[in-house]
Amino acid sequence: MKTRIIGTGSCLPANVVTNDDLSQIMDTSDEWISSRTGIRKRHLAKDETTASMSIEAARRAMENAGVTAEEIDLIIVGTVSADYITPACSCEVQAAIGAERAVAFDINAACSGFMFALHIANAYLQCGTYQTALIIGAETLSKIMDWSDRSTCVLFGDGAGAAVVRADEKAGFLAFDLGSDGVKGRVLSGVNRTNNNPLIQTPKELQYIHMDGQEVYKFAVTMVPASLHKVIEEAGLGVEDIDYFALHQANIRIIQSVAKRLKVAEDKFPISLDHCGNISAASVPILLDEMNQRGLLKPGMKIALSGFGGGLTWASAVLEW
Ligand code: UT7
């Protein structure tokens with residue numbers, strides 16, 4: 001038994017912010033951002049929330065898959081920027097779409113969140129606990145960015161992507177590779193609330209995402225090719241058998257470096273970061289939905305996926321579409 005993606009959907013905020021727009025409010029330029037990262041614009045939420053984008057992406061994925069809310073028995077959202085500590089974003093999705101039978105919970109594996117959630121769903125579906133799952137990666141990163149830190153805030157965007165997955169006899173996921181390295185975790189961190197109870201008074205400083213970009217870059221360009229090699233081999237394939245590589249969209253230079261290390265042409269690496277920026281857990285499912293909408297994904301194709309980032313975490317998979 002395999003786990004197969006049978007539908008995808010995504011949702012981006014209406015408000016588009018170009019690099020030139022950012023250069024009006026901080027000391028940056030389109031030249032710096034686009035040449036260092038490949039990012040030209042991003043969508044930043046005004047009225048949208050992590051839950052509202054998740055719900056819209058979920059509805060689109062269910063429509064694409066042709067499944068009803070009654071059929072969904074598992075909902076997992078990967079996010080670091082849920083609207084509430086509780087209820088979980090996944091529970092808000094469950095309520096909005098009316099998936100009354102579903103078990104719903106969120107996970108935090110930062111930019112690998114969607115991939116980790118897929119792996120959890122894969123395990124549940126393989127052992128027959130559940131049959132149909134809705135897996136979402138969703139972020140409103142603009143609310144946890146330090147907008148005075150130009151080296152980080154220009155990189156990120158907001159949005160949500162979703163996939164409906166179902167147990168299938170023939171096609172589906174062939175292999176997964178997941179990993180974590182908590183020792184290096186502080187190179188990409190975002191402190192939640194500080195303790196400010198009546199017994200311990202700590203300064204009420206607002207905390208935002210902080211990233212040592214170069215350390216994360218070095219981690220990505222070594223770990224992602226290694227993980228992809230491992231998962232492709234585990235799937236019984238060679239790098240040349242993979243039709244597309246759908247990678248977390250952090251930086252075009254990371255993607256080019258991975259392509260070079262794998263000795264694969266760059267046109268096998270579809271891109272959404274030019275118009276979305278880095279949307280952490282939402283990057284991979286949004287890219288996958290764009291590929292699906294563009295008709296790039298054909299039955300029998302072999303697709304490699306890889307997410308990587310905060311934790312540090314990484315997760316790769318190979319699937320037959
Ligand atoms: O999703 C999680 C995964 N995250 C990632 O994968 C991020 C990985 N890291 C990166 O993509 C890159 O390290 C960055 C894009 C974050 C930074 O690129 P870089 O080539 O490593 O630049 P840098 O940090 O070394 O900065 C170079 C210069 C500095 O100026 P000086 O010290 O050389 O004078 C920065 O102050 O660029 C300056 N700078 C900027 N200039 C204009 C930093 N940010 C900006 C900016 N606009 N937004």
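One-based numbering, in listed order, for ligands and for the atoms of each. Every heavy atom of this structure was used, including side-chain atoms; hydrogens, water molecules and symmetry mates were not.
- Between atom 24 (O) of ligand 1 and the options Met211, Gln214, Glu31, Arg150, the minimum heavy-atom separation is to Gln214.
- Distances from atom 31 (P) of ligand 1 to the protein include no heavy-atom value under 4.0 Å.
- In this structure the side chain of Ser148 never reaches within 4.5 angstrom of the side chain of Met26, judged on heavy atoms.
- Residues Ser316 and Leu305 have side chains not in contact (no heavy-atom distance under 4.5 Å, counting atoms from C-beta outward).
- When distances from atom 39 (N) of ligand 1 to the protein are checked, a heavy atom turns up under 4.0 Å.
- Looking at Val165 and Ile6, their side chains never come closer than 4.5 Å, going by heavy atoms from C-beta outward.
- Residue contact check for ligand 1: Ala220 places no non-hydrogen atom closer than 4.0 Å to it.
- Inclusion of Gly213 in the set of residues having an N or O under 3.5 Å from an N or O of ligand 1 is warranted.
- By the 4.0 Å N-to-carboxylate-O rule, Lys230 lies too far from Glu234 to be salt-bridged with it.
- Which of Val216, Asp212, Ile33 comes nearest to atom 4 (N) of ligand 1 through a heavy atom is settled by distance: it is Val216.
- At a 3.5 angstrom cut-off on N or O pairs, His248 counts as close to ligand 1.
- The side chain to side chain donor-acceptor pair (under 3.5 Å) contacts involving residues 34-48 comprise Asn19-Arg42, where partners must be two or more places apart or lie in separate chains.
- Geometrically, ligand 1 and Ser29 share no nitrogen or oxygen pair separated by less than 3.5 Å.
- Distances from atom 36 (O) of ligand 1 to the protein include at least one heavy-atom value under 4.0 Å.
- Contact of the Phe219 side chain with the Trp314 side chain is registered, since non-hydrogen atoms from C-beta on lie closer than 4.5 Å.
- Only the side chain of Trp32 comes within 4.0 Å of ligand 1, judged by heavy-atom distances.
- Separating the OG atom in Ser81 from the CE atom in Met145 is a distance of 8.5 Å, to the nearest 0.5 Å.
- Closer than 4.0 Å to atom 14 (C) of ligand 1 lies none of the heavy atoms of the protein.
- Closest to atom 27 (C) of ligand 1 among all protein heavy atoms lies Arg36 NH1, 3.5 Å.
- In this structure, Asp168 does not pair ionically with Lys2, as no charged nitrogen and carboxylate oxygen lie closer than 4.0 Å.
- The shortest side-chain heavy-atom distance between Phe269 and Leu262 falls under the 4.5 Å cut-off.
- With a 4.5 Å cut-off on side-chain heavy atoms, Leu12 and Ile279 count as touching.
- In this structure, atom 2 (C) of ligand 1 lies nearest to the protein heavy atom Cys111 SG, 3.4 Å.
- In this structure, Arg166 and Thr3 have side chains that are not in contact, with every pair of non-hydrogen atoms separated by 4.5 Å or more.
- Ligand 1 is never approached by Met26 to a heavy-atom distance shorter than 4.0 Å.
- Within the 4.0 Å heavy-atom cutoff, Thr152 does not count among the residues contacting ligand 1.
- Nearest-residue assignment for atom 1 (O) of ligand 1 (options Ile252, Leu188, Asn278; heavy-atom criterion): Asn278.
- Ranking protein heavy atoms by distance to atom 18 (O) of ligand 1, first place goes to Arg253 NH2, 3.6 Å.
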